[in-house]
Amino acid sequence: MDKIAIRGGNRLSGRVRVGGAKNAALPLMCASLLTEGTLTLSNLPRLADITTLMRLLVQHGVEMNMDGDESCRAAGRQGLTIGMDATGVNNTTAPYDLVRKMRASVLVLGPLLARFGNARVSLPGGCAIGTRPVDLHLKGLQHLGAEIDLDQGYIVAKAPNGLQGGEVVFPFVSVGATENLMMAATLAKGTTRLVNAAREPEVTDLGECLIKMGAKISGLGTDTLEIEGVSGLHGAEHPVIPDRIETASLAMAAAVTRGEIDLIDARPDHLGSAIEAMEAAGINFSPIEGGLRVSCSELVGTDVMTEPYPGFPTDLQAQMMALLTTASGASMITESIFENRFMHVPELMRMGANINLHGRSAMVRGVERLTGAEVMATDLRASMSLVIAGLAAEGETLVNRVYHLDRGYERLEEKLSACGADITRIKEQS
Ligand code: UD1
């Protein structure tokens, strides 16, 4: 397993391009199952999770055309371009060995069921951050007339006469359930209302792509979505939005070194209240042409609670905690979305952080400095928090289990070293 070695203390400065959003790309790729037309997505990040989903879609019978990639590069654009053609889908089973690698695989359920009237999808695995059930996805689909059984670890869903529009009221906000239901409802008979829907920019990006494919959706960006079913969708071309989590993670990496970097393609309008929280911690943001300048001279403690968008994202909680370990004063960080999402805490403490956990809250008291240590990445965002801590720490930090990081951050060590960080990947010895 690869490791990442960081010698902390270098002040970051330079320019970095933010890649396409993984969490937008995954549902968009699943939307290709809804049509016989070709869905061409550009600005896809080159990440392990994207490859996993490509493999899942290919085994369903989706044809992937990456010819566009070269022309895209030639045109000076970044990211991957893939044309997806789901005309020949001949298998509606999503098997355990692929689904267990990535929870977002469950997003094939809604599209397969809507277009083919049946789907068999393994119950998902994914990051070890709590139990993470899929009951809202299943109850929502049942509201649209699906018959759902669980059989030997598989969700078996049937809608032989097609799905029927209806009102689905989510008891709490779920990004994935909103996306699954929105995709399924595009081909249902009649109108579907999704109440208490997620408002994340990735949900809106999916909705905008579905509209390009011929779907009738209103209310994007609000908590009530209305989808009028149509008899068929067609192909479309769509660029994936830049990754807001990568944007803020890189901003925090620069800030922890009291540095200054330009984030090219960053979309501050997608950061919601994360930008205010980072400003409260002492990070300065100023718009520049085509992006955002980030600088920081002093970090101060601040309180943060994770919430659905536009609140502070749970996917930035670990990174924010690492940032605040060397801030002056104390910070209270409360995780309200996932249970068991504090696995980075003991690792940060091994680097000298002063953190006290009380249930779903962590009290972080700023320390003068962190010291490098060998640490273990436990999930995707926790890995990034250890990299951020390593950039600030005295001496060498060795981050193990880097495969977590590779699921969600593209060429992270290249991006950071281009800005002056002393960071290298140590390849696995076989
Ligand atoms: C998505 C993101 C993930 C992010 C999360 C919250 C993708 C691919 N992943 O995950 O990075 O951390 O949103 O912003 O976009 N829940 C249930 N039952 C369900 C569904 C969810 O109880 O059927 C719970 C979850 O356990 C969690 C909460 O609802 O406590 C929110 O989860 P959800 O928004 O669904 O997260 P994901 O879509 O899986």
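Predicted model only: the values in this text are computed from it and were never measured. Ligands are counted one by one from 1 in listed order, and the atoms in each one are counted from 1 as well.
- Using a 4.0 Å cut-off between charged side-chain N and carboxylate O, R199 and D223 make no salt bridge.
- Close contacts of ligand 1 with R341, meaning ligand atoms under 4.0 Å from a residue heavy atom, involve 12 (O).
- When heavy-atom distances to ligand 1 are checked against a 4.0 Å cut-off, L138 has no atom that comes that close, whether in backbone or side chain.
- Contacts between E202 and ligand 1, counted as non-hydrogen atom pairs separated by less than 4.0 Å, are absent for every part of the residue.
- Those atoms of ligand 1 with a heavy atom of V175 less than 4.0 angstrom away are 1 (C), 13 (O), 33 (P), 34 (O), 35 (O), 38 (O).
- The distance from ligand 1 to the heavy atoms of F172 drops below 4.0 Å at these ligand atoms: 16 (N), 17 (C), 22 (O), 24 (C), 29 (O).
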Pair R341-D315, salt bridge (charged side-chain N to carboxylate O under 4.0 Å, His left out): steps then yes or no: CA-CA 10 Å; R341 205 174 195 181; D315 284 353; 2.9 Å; yes
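- Here atom 20 (C) of ligand 1 lies nearest to P133 when heavy atoms of P133, G176, A177 are compared.
- Under 4.0 Å is where a charged nitrogen must lie from a carboxylate oxygen, and between R193 and E226 at least one such pair does.
- Judged by distance alone, with hydrogens and angles left aside, the side-chain atoms of E200 form no donor-acceptor pair with the main-chain N or O of V203 at under 3.5 Å.
- Salt bridge E374/R350: absent, no basic N to carboxylate O contact under 4.0 Å.
- Within the model, atoms CG of L210 and CG of D205 stand 10.0 Å from one another, a figure rounded to the nearest 0.5 Å.
- Ligand 1 has a nitrogen or oxygen under 3.5 angstrom from a nitrogen or oxygen of D315.
- Looking at K22 next to ligand 1, no N or O pair under 3.5 Å apart turns up.
- With a 4.0 Å heavy-atom cut-off, ligand 1 is reached by the backbone of L136 and by its side chain too.
- Heavy-atom proximity to atom 25 (C) of ligand 1, evaluated over Y309, F338, F170, is greatest for F338.
- Taking every heavy atom of T314 and a limit of under 4.0 angstrom, the matching atoms of ligand 1 come to 6 (C), 12 (O), 14 (O).
- Across I337, N180, L206, L380, heavy-atom proximity to atom 28 (C) of ligand 1 is greatest for I337.
- More than 12 heavy atoms of other residues, nucleotides or ligands lie within 6.0 Å of NZ in K212, so this atom counts as buried by the packing criterion.
- Cation-pi check for R120 over Y154 is met; the charged atom lies under 6.0 angstrom from the ring centroid and within 45 degrees of its normal.
- The shortest N/O to N/O separation between A104 and ligand 1 does not fall below 3.5 Å.
- The backbone and the side chain of D135 each have at least one atom closer than 4.0 Å to an atom of ligand 1 (non-hydrogen atoms only).
- Ionic pairing of E413 and R425 is present here: one or more N-O contacts between side-chain nitrogen and carboxylate oxygen are shorter than 4.0 angstrom.
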